[in-house]
Peer 1: 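The structure's right below; bear with me while I get my questions together.
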Number of protein chains: 2
Amino acid sequence: MAVKKFRELDEALVRQKEAAFADFIQKQGLKTTRQRNTIISTFFRMRGHISVEELLNQVKQANPRIGYATVYRTLHLLVDSGLVEERRFGDGLARYEGHSDVEHHDHMICLECGEIFEFFNPRLEALQESLAEENDFQIFRHRLELYGACKDKDACQRRKSRTGAAAAEE
Amino acid sequence: MAVKKFRELDEALVRQKEAAFADFIQKQGLKTTRQRNTIISTFFRMRGHISVEELLNQVKQANPRIGYATVYRTLHLLVDSGLVEERRFGDGLARYEGHSDVEHHDHMICLECGEIFEFFNPRLEALQESLAEENDFQIFRHRLELYGACKDKDACQRRKSRTGAAAAEE
DNA sequence: TGGATTACGAAAACTGTTTTCAATATCGGC
DNA sequence: GCCGATATTGAAAACAGTTTTCGTAATCCA
Ligand SMILES: [Mn+2]
Ligand SMILES: [Mn+2]
Ligand SMILES: [Zn+2]
Ligand SMILES: [Zn+2]
C-alpha cells in the first residue's frame with residue numbers, strides 16, 4: 001500500500017529520537033532543560049502533522065507553566081537538528097512532523113474532512129529529478145501536495161459544495 | 001524547451017483580460033472603479049510572480065492615493081474571477097500571477113538567486129493522477145515546487161554556503 | 001558551589017493580511 | 001443630468017501567527 005494515514009507509535013524509536021536530540025543539544029553547546037525535555041517527549045509521542053497550538057495544549061498537561069515562546073524555540077531546534085520537518089498546507093499555520101520510517105514523502109490533503117495522507121513514489125521522484133537535470137537545476141528539496149477529496153469517511157467526494165473544511169481553508 | 005522564465009507581454013492579451021475582468025465585475029453586480037482599473041491594468045502588465053508590495057509600488061506611480069487595502073481587495077477579486085492565481089513559495093508573502101498561455105504549471109525556485117522557473121510535464125501530471133486514483137483520491141489541484149540551485153547566472157550551484165537568497169528565505 | 005552562560009515566560013513587537021468605519025464614488029431609474 | 005440606494009475607498013485599527021525583548025531563573029563546568 002502506497003498510502004498510510006499515520007505511522008504507528010514505536011516507544012523505542014521515540015527514545016532514540018530523544019537521545020538524538022540530547023546529542024544535538026550537547027554538540028551545539030546548549031543546555032538541557034526540563035522544558036525542552038517535556039516538549040520533545042510530548043512531540044515525539046504525538047502523531048500526525050502537529051500545529052504549535054496542538055503541541056502547546058498537550059505540553060501544558062505535563063507542565064502548565066510552559067508558554068508559546070519555548071515551544072516555538074524548541075520546535076526550531078528540532079528542525080535544526082534534522083529530526084523534524086516543518087510543513088505548510090496553506091491553512092496559515094506551520095505544522096511539524098518527525099519523519100520516522102519514510103525519509104521523504106509527499107501529501108494528499110482532503111479539503112472536505114481535512115485528513116492528510118502520505119505517499120511516496122519513486123517514479124515521481126525520479127521524474128522530478130530528470131526534469132530538473134534537463135534544465136540544469138539542482139534540487140535541494142521539493143514539496144508536492146495534492147489537494148482534493150478522499151473517498152474515505154462520510155463521502156467527502158459527494159459534498160463538493162465548498163462547505164466544511166474546503167471553505168475553512170480559504 | 002520545457003522551462004521558460006517569463007512569458008512575453010502581449011498587449012492584445014492584456015486587453016482581453018481587462019475585458020474579462022470587467023465582465024466578471026458586472027456579472028457579480030459590482031461596480032467599475034477608477035482604482036480597480038488602475039490596479040488590474042498595472043498588474044496585467046507586470047511579469048513574474050508579483051507580491052502585493054511590488055504591485056502597490058507600481059500602482060502608486062499611476063495613482064499615489066491607492067492604498068494596500070484596495071490592492072488586496074482587488075487581488076482577491078482577480079483570484080475569484082479565475083484570471084489570477086495566488087502562489088506561496090515559502091518566503092511568507094503571497095505572490096500572484098495571471099496565467100496566460102500555460103493553464104497549469106509548476107515551479108523551480110533557485111534558493112541562491114531567487115529566480116523562479118516554470119515548467120509543465122504531462123507525464124508528471126499523469127503520474128500524480130494515477131497515484132491519486134490508486135488511493136481513491138480525487139485531485140482538485142496540486143502544487144509542486146522544486147527548491148534548489150539553477151545553473152544560470154553567477155554560478156548559483158557553487159555557493160551552497162547558505163548565504164544570499166537561501167539564507168534570506170529562512 | 002560560584003558564576004558565566006543559556007534558557008524561560010510574559011508581554012511587546014513584528015509581518016502580512018483583513019476588517020472597520022466614515023467619507024466618497026458608482027449607476028440604474030427618474 | 002440628478003437622486004439615492006448601494007458599493008467602494010483609504011487610513012487606521014484589528015488580527016493571527018510568529019519572533020523578540022528583557023528581567024528572572026536554571027544549567028553546568030571549573
Ligand atoms: Mn507527512
Ligand atoms: Mn508561475
Ligand atoms: Zn516527493
Ligand atoms: Zn503540475
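Letters A, B, ... mirror the listed sequences (proteins, then strands); counts begin at 1.
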Peer 1: How many Å lie between CG on N63(A) and C1' on dA7(C), as a whole number?
Peer 2: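 The answer, rounded to whole Å, is 14 Å.
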Peer 1: Scan nucleotides 12-17 of chain C nucleotide by nucleotide, 5' to 3', and note B when protein non-hydrogen atoms come under 4.0 Å of the base, S if they reach only the sugar-phosphate, - if neither.
Peer 2: ----SB
Peer 1: Just to verify, which of L75(B), L55(B), T42(B), V84(B) counts as forming a side-chain contact (heavy atoms from CB on, under 4.5 Å) with I50(B)?
Peer 2: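 Result: among L75(B), L55(B), T42(B), V84(B), L55(B) is the only option passing the side-chain contact (heavy atoms from CB on, under 4.5 Å) with I50(B).
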Peer 1: Tell me the interatomic distance from Q35(A), atom CD, to dT6(C), atom P, rounded to whole angstroms.
Peer 2: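 The answer, rounded to whole Å, is 17 Å.
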Peer 1: Can you establish whether the number of heavy atoms outside Q26(A) located under 6.0 Å from its atom CD is more than 12?
Peer 2: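 Atom CD in Q26(A) is not packed in, count stays at 12 or less.
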Peer 1: E145(A): which residues meet the salt bridge (Lys or Arg N to Asp or Glu O under 4.0 Å) condition with it, sequence neighbours left out?
Peer 2: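 In terms of salt bridge (Lys or Arg N to Asp or Glu O under 4.0 Å), with neighbours along the sequence ignored, E145(A) is linked to R143(A), R143(B).
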Peer 1: It should be established whether T33(A) places a side-chain nitrogen or oxygen under 4.0 Å from OP1 or OP2 of nucleotide dC8(C).
Peer 2: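 Yes, T33(A) has a side-chain N/O under 4.0 Å of OP1/OP2 on dC8(C).
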Peer 1: Measure across A149(B) and E112(B) and return the closest heavy-atom pair with its distance rounded to 0.1 Å.
Peer 2: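 Shortest heavy-atom contact: CB-CG, 4.4 Å.
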Peer 1: Do the non-hydrogen side-chain atoms of R141(A) and L111(B) ever get within less than 4.5 Å of each other?
Peer 2: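 With C-beta onward as the side chain, the pair touches.
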Peer 1: Testing the basics here: between K31(A) and R36(A), what is the closest heavy-atom pair and its distance to 0.1 Å?
Peer 2: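 For K31(A) versus R36(A), the nearest heavy atoms are O-NH1, 2.7 Å.
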Peer 1: Quick one: how far along DNA chain D does chain B reach, first to last nucleotide 5' to 3', anything under 4.0 Å to a heavy atom?
Peer 2: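 With heavy atoms of chain B under 4.0 Å away, the range is dT6(D) to dA11(D).
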Peer 1: In this structure, how many angstroms lie between the P atom of dA7(C) and the CG atom of L77(A), rounded?
Peer 2: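 Computing the L77(A):CG to dA7(C):P distance gives 8 Å.
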Peer 1: For Q26(A) and dA7(C), what is the distance between atoms CD and P respectively, to the nearest whole Å?
Peer 2: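 After rounding, the gap between these two atoms is 13 Å.
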Peer 1: What heavy-atom pair brings I66(A) and L56(A) nearest, and what distance separates the two atoms?
Peer 2: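 Here I66(A) and L56(A) meet closest at O-CD1, 3.6 Å.
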Peer 1: Just checking, is any N or O donor in the side chain of H105(A) or E97(A) under 3.5 Å from an acceptor N or O on the other one?
Peer 2: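 Side-chain D/A pair, H105(A) to E97(A): present.
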Peer 1: How many Å lie between CD1 on I66(A) and P on dC8(C), as a whole number?
Peer 2: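 In whole Å, dC8(C) P and I66(A) CD1 are 8 Å from each other.
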Peer 1: Counting the atoms with a prime plus P, OP1 and OP2 as sugar-phosphate, which does R73(A) contact under 4.0 Å by heavy atoms, base, sugar-phosphate, or nothing?
Peer 2: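 R73(A): base contact, heavy atoms under 4.0 Å.
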